[in-house]
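Notes for the one structure printed next.
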Amino acid sequence: MSSQEYATKNKDLDVLIVGAGFSGAYQLQQLRKAGFSAKIFEAGSRLGGTWYWNCYPGARVDSEYLVYQLSIEEVWKDWTWSERFPGRDELMAYFEHVDRKLDLSRDVCFDTRVTGATFDISTERWIVSTQDGRTAHPRFLILCTGFASKPLFPDYPGLSSFQGVIHHTARWPQQGVELAGKRIGVIGTGASGVQVVQETAPIAAHLTVFQRTPNFAVPLEQRKITDIEQMKLKEELYPIIFRRRLQTPGGFHDFDQVARRSLLQMTPEERRLTLEDLWGHRAIAVIGFADVLSDERANKLAYDFWRDTVRKRLVDPKLHEKLAPEMAPHPFGMKRLALEQQYYEAFNQLNVTLVDLNETPILEITPRGVKTKDEVEHTLDVLFLATGFDALTGSISQIDIRGTGDTAIGDKWHSQGLGTYLGLTSAGYPNMFFVYGPGAATGPGNGPSCIEFQCDWIVDCLTYMRARGYTRIEATPDAEASWGARIEAVAAAGLWHRAKSWYIGANVPGKRVAPLLFTGGLAQYIKVCRESAEGGYVGFVLS
Ligand code: N01
């Protein structure tokens, strides 16, 4: 069936996309190119997804610009980045550029939060409802809701009594908050907390950092990049880089110098020099060694090197044990490593205090600040809740999604464990896909690499269906079970279960703890998804 005939037969919308970040934007463009009608419902007021919401001071991407962008030539050929790791404002400007080039906004309903979706068996369409009472009836529903769209708030007593300014980092006011000369508090030291600390330490009257677990942050190695440098790369290497990023475990193009090398098998001299060299330009690649994420001994070698480099940067030896402890509280890299700029030096400043919540837990939030168990009230003007997200599943389960049964997808995942097939679909929820969510190679790697592959896979699938007159696709429970078993088996070969990370849901009180993503790497993930497609969508029922 041609795309024209298909459109005539299906007068209503082919696809409703939820979310207009990297995945929603790319998905819409690729669907349009393939001749599908598609719209986006987006809760925010602008394109950008996570970059729209995470407007806290210091927000910056930790993937290099070369891979952290869309591979669409029309977009990249006349866009120039200013820094190796662009900040939030530059990323928002990039999304405006994307919009100018691709005219995406005409198909986006902004300020439109999707609250529910029910699959209508008789019409084989989704009935999608929004907070403001709108509905849509697409044939396919694609959730481009990312892994971090449901913020996790701490449940300290008195949270709402605080008289100063208090916000979660992912709900920071778009207009910003005056911070210079203020007494600032930050709860949480994940990637968001690290960025807030290093940004606000130089301007705060006083900064109090409430830390539960130290972050094993590694240097970002930021630098300005020139137009000429980018022009040369565009002429010769961009398409190669975009293809290459799909062939690697993390979706990056430049971990090759360490990939497949064993840290453990090096001589001490070779190891030291290799790590020193890496620290000079790409420290995060330390997780790319063949054995660091899977062998406890190699992992400890990486940790020991990291700990010693950090300790050298801390003036007060009392901070050593708090920020870079002798014994790692969890294996290195099993919680996502933040990339930092002068983070550790912030703690050498006289106006910065570190409160170790293991020694003095928070008792309550008071109108004036934060009270800890030692009866100290830390008085504050501004309090950042950098406490993370109900990651991966939360982005989807916060929507009341019901498929062929009456079970909301969140209830299914809570009671039966994560059920996805290929991290793209879930049995019992026909004609629904999700991108950069649970069960895929989401997380430790580079977002746009995985996102583009998944969006292309979905478009190919819908095109295949259209050509054969199929109107319904659904994963089989068996296929879902075997993908779940594979996720578990691959994760068990690593050290993932030994950290209370969002990768396994352990950061959310009461959440089922189990691997929530495929840790076998992007290249392997792509191979499996392609095999299903090439075999005529093995593991799915099409009708
Ligand atoms: O969240 P997190 P995040 N009381 O979950 C602490 C991406 N990202 O927003 O470790 C006190 O990592 C919690 O402590 P603990 C990136 O993928 C990317 O920082 O659970 N503390 C932890 O320190 C990242 O991994 C970028 O003991 C509490 C922190 O809050 C992901 O988003 C920038 C607490 C949460 O850390 C999430 O990062 C930002 C409580 N009740 C984010 N509850 C870049 O691209 C939680 N914590 C650079």
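One-based numbering, in listed order, for ligands and for the atoms of each. Excluded from the calculations below are hydrogen atoms, water molecules and symmetry mates; all remaining heavy atoms, backbone and side chain alike, are included.
Contact annotation: Y156 has at least one heavy atom less than 4.0 Å from an atom of ligand 1. Heavy atoms of A386 approach ligand 1 to within less than 4.0 angstrom. Not a single heavy atom of F210 sits under 4.0 Å from any atom of ligand 1.
Of all atoms in ligand 1, numbered sequentially from 1 with element shown, those under 4.0 Å from a heavy atom of G188 are 6 (C), 23 (O), 29 (C), 30 (O). For ligand 1 and P154, the ligand atoms under 4.0 Å from any heavy atom of the residue are 41 (N). The contact set between ligand 1 and Y56, taken as ligand atoms under 4.0 Å from a residue heavy atom, comprises 33 (C), 39 (C). The contact set between ligand 1 and V61, taken as ligand atoms under 4.0 Å from a residue heavy atom, comprises 45 (O).
No more than 12 heavy atoms of other residues, nucleotides or ligands lie within 6.0 Å of CG in D155, so this atom counts as exposed by the packing criterion.
In this structure, of Y68, F147, F85, the residue bringing a heavy atom nearest to atom 32 (O) of ligand 1 is F147. The nearest non-hydrogen atom to atom 12 (O) of ligand 1, considering only G190, A59, A148, comes from G190. Checking Q195, R212, K335 against atom 46 (C) of ligand 1, the nearest heavy atom belongs to R212. Nearest to atom 22 (C) of ligand 1 by heavy atom, out of T189, L339, N507, is T189. Between atom 48 (C) of ligand 1 and the options R60, H168, Q211, R336, the minimum heavy-atom separation is to R60.
Counting only N and O atoms by type, the side chains of Q454 and S23 include no donor and acceptor under 3.5 Å apart. A side-chain N or O of D111 and one of S45 form a donor-acceptor pair less than 3.5 Å apart. In this model, no donor atom of one side chain and acceptor atom of the other lie less than 3.5 Å apart for S294 and D291.
The side chain of L357, and not its backbone, has at least one atom closer than 4.0 Å to an atom of ligand 1 (non-hydrogen atoms only; side chain from C-beta on). Residue contacts with ligand 1 for T169 are absent, since no atom lies close enough (heavy atoms, distance under 4.0 Å).
By the 4.5 Å heavy-atom criterion applied to side chains, L278 and F289 are counted as neighbours.
The closest protein non-hydrogen atom to atom 9 (O) of ligand 1 is S192 OG, 2.6 Å. Closest protein heavy atom to atom 2 (P) of ligand 1: G388 CA, 4.0 Å. Of the protein's non-hydrogen atoms, the one nearest atom 18 (C) of ligand 1 is A191 CB, 4.0 Å.
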*Go through the steps for I284 and D62 under the test side chain to side chain contact (heavy atoms under 4.5 Å, CB included), then give the verdict.*
CA-CA 10 Å; I284 186 67; D62 58 7; over 6 Å; no
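Aromatic pair F216/Y303: centroids less than 6.0 angstrom apart. If you look at F110 and F41, their ring centroids are not closer than 6.0 Å. Here the two rings, on H167 and F384, have centers that are 6.0 Å apart or farther. Aromatic ring centroids of F389 and W502 lie 6.0 Å or more apart. A ring-centre distance under 6.0 Å is not found for W51 and F22.
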